[in-house]
Amino acid sequence: MKLKFDAFWQLCQEKLNVDDVIPNWSVSGNIRTKEFKISEIMQDSISYDSPTAENIQKVSKTQFEEVFDVWDKYKNGNITRAELRNNNNKTTYIIATIRYLENLEK
């Protein structure tokens, strides 16, 4: 994504809405959950309701930034999903949301 993170986060605040359904996506195509729904959008986090999670999954702005910073490397296969997950257990939601916004901006 060609945006800087602050511009991306602003885009999240402007384009995403509560109850938006985000289709899951991964470079490998291996996905367990087809989609999930946004349940809350705050200045410092986005929360998701997933059919495979017991509770609402809150993803912080900081967690988003960690993945956003290596997004192109992930998409190009230069960094694996496992490497992303080493420091961040919310990669499913982040990856799908970044991809969703990329597709909206095309």
Side-chain angles (χ1 to χ4, degrees):
M1 201 170 232
K2 296 189 182 350
L3 300 174
K4 299 285 186 199
F5 179 74
D6 288 339
F8 166 77
W9 191 250
Q10 185 63 38
L11 193 65
C12 288
Q13 302 294 307
E14 293 170 359
K15 299 283 186 179
L16 299 176
N17 298 291
V18 169
D19 292 331
D20 279 355
V21 175
I22 307 297
N24 201 352
W25 183 83
S26 96
V27 166
S28 69
N30 295 329
I31 56 173
R32 293 180 296 185
T33 304
K34 182 179 175 185
E35 59 192 22
F36 34 84
K37 189 184 293 188
I38 294 176
S39 61
E40 183 179 54
I41 301 170
M42 304 295 286
Q43 287 295 335
D44 64 347
S45 66
I46 299 173
S47 297
Y48 299 87
D49 186 5
S50 173
T52 58
E54 287 185 29
N55 301 306
I56 298 296
Q57 300 297 301
K58 185 175 185 175
V59 184
S60 73
K61 181 178 178 181
T62 302
Q63 288 172 304
F64 262 94
E65 190 169 12
E66 290 168 358
V67 175
F68 184 87
D69 286 347
V70 294
W71 177 245
D72 287 332
K73 289 180 182 178
Y74 171 70
K75 280 193 338 184
N76 296 330
N78 299 323
I79 186 170
T80 66
R81 182 70 173 268
E83 289 173 287
L84 290 178
R85 275 194 305 261
N86 283 341
N87 299 317
N88 190 329
N89 64 350
K90 305 294 185 187
T91 58
T92 295
Y93 307 102
I94 298 166
I95 287 168
T97 302
I98 294 172
R99 181 66 173 194
Y100 179 78
L101 288 170
E102 268 187 339
N103 288 335
L104 281 181
E105 292 301 298
K106 286 184 179 178

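- For the atom pair I22 CD1 and I95 CD1, the distance stands at 14.0 Å (nearest 0.5 Å).
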For residues 32-46, run the donor-acceptor check on the side chains, cut-off 3.5 Å, and write out each pair with its distance to 0.1 Å, sequence neighbours left out.
residue : atom : partner : partner atom : Å
T33     : OG1  : T52     : OG1          : 2.9
S39     : OG   : S47     : O            : 3.3

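- The CZ atom of F68 lies 9.0 Å from the NZ atom of K4; values are rounded to the nearest 0.5 Å.
- Qualifying side chain to side chain contact (heavy atoms under 4.5 Å, CB included) partners for N78, counting only residues two or more places apart in sequence or in other chains: K73, N76.
- Residues that satisfy the side chain to side chain contact (heavy atoms under 4.5 Å, CB included) test with V27, not counting sequence neighbours, are W25, Y74.
- I98 and V21 fall into different hydrophobic clusters, where Ile, Leu, Val, Met, Phe, Trp and Tyr side chains are chained together by heavy-atom contacts under 4.5 Å.
- Listed by first then second residue, pairs satisfying side-chain hydrogen bond (donor to acceptor under 3.5 Å, both in side chains) with a partner in residues 12-23 read Q10-E14, not counting sequence neighbours.
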Distance-only check: which donor-acceptor pairs under 3.5 Å involve side-chain atoms of residues 83-90, not counting sequence neighbours?
residue : atom : partner : partner atom : Å
E83     : OE1  : T80     : N            : 2.7
E83     : OE1  : T80     : OG1          : 3.1
N88     : OD1  : K90     : N            : 2.9
N88     : ND2  : Q63     : O            : 2.9
N88     : ND2  : E66     : OE1          : 3.2
K90     : NZ   : Q57     : OE1          : 2.6

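- Side-chain contact of T92 with Y48: a donor-acceptor pair under 3.5 Å is absent, judged by distance alone.
- Y100 meets the side chain to side chain donor-acceptor pair (under 3.5 Å) test with no other residue; sequence neighbours excluded.
- The shortest distance between side-chain heavy atoms of F64 and Y93 does not fall below 4.5 Å.
- Under 3.5 Å, the side chains of W9 and E65 contain no donor-acceptor pair of N or O atoms.
- Contact annotation: the side chain of R99 approaches that of W71 to within less than 4.5 Å [non-hydrogen atoms, C-beta and beyond].
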Next item on the list: Report the C-alpha distance between R81 and S26 in whole Å, list the side-chain angles of each, state the deciding distance to 0.1 Å, and finish with yes or no for side-chain contact (heavy atoms from CB on, under 4.5 Å).
Entry: CA-CA 8 Å; R81 182 70 173 268; S26 96; 3.5 Å; yes
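- Counting heavy atoms from C-beta on, the side chains of L11 and L16 never come closer than 4.5 Å.
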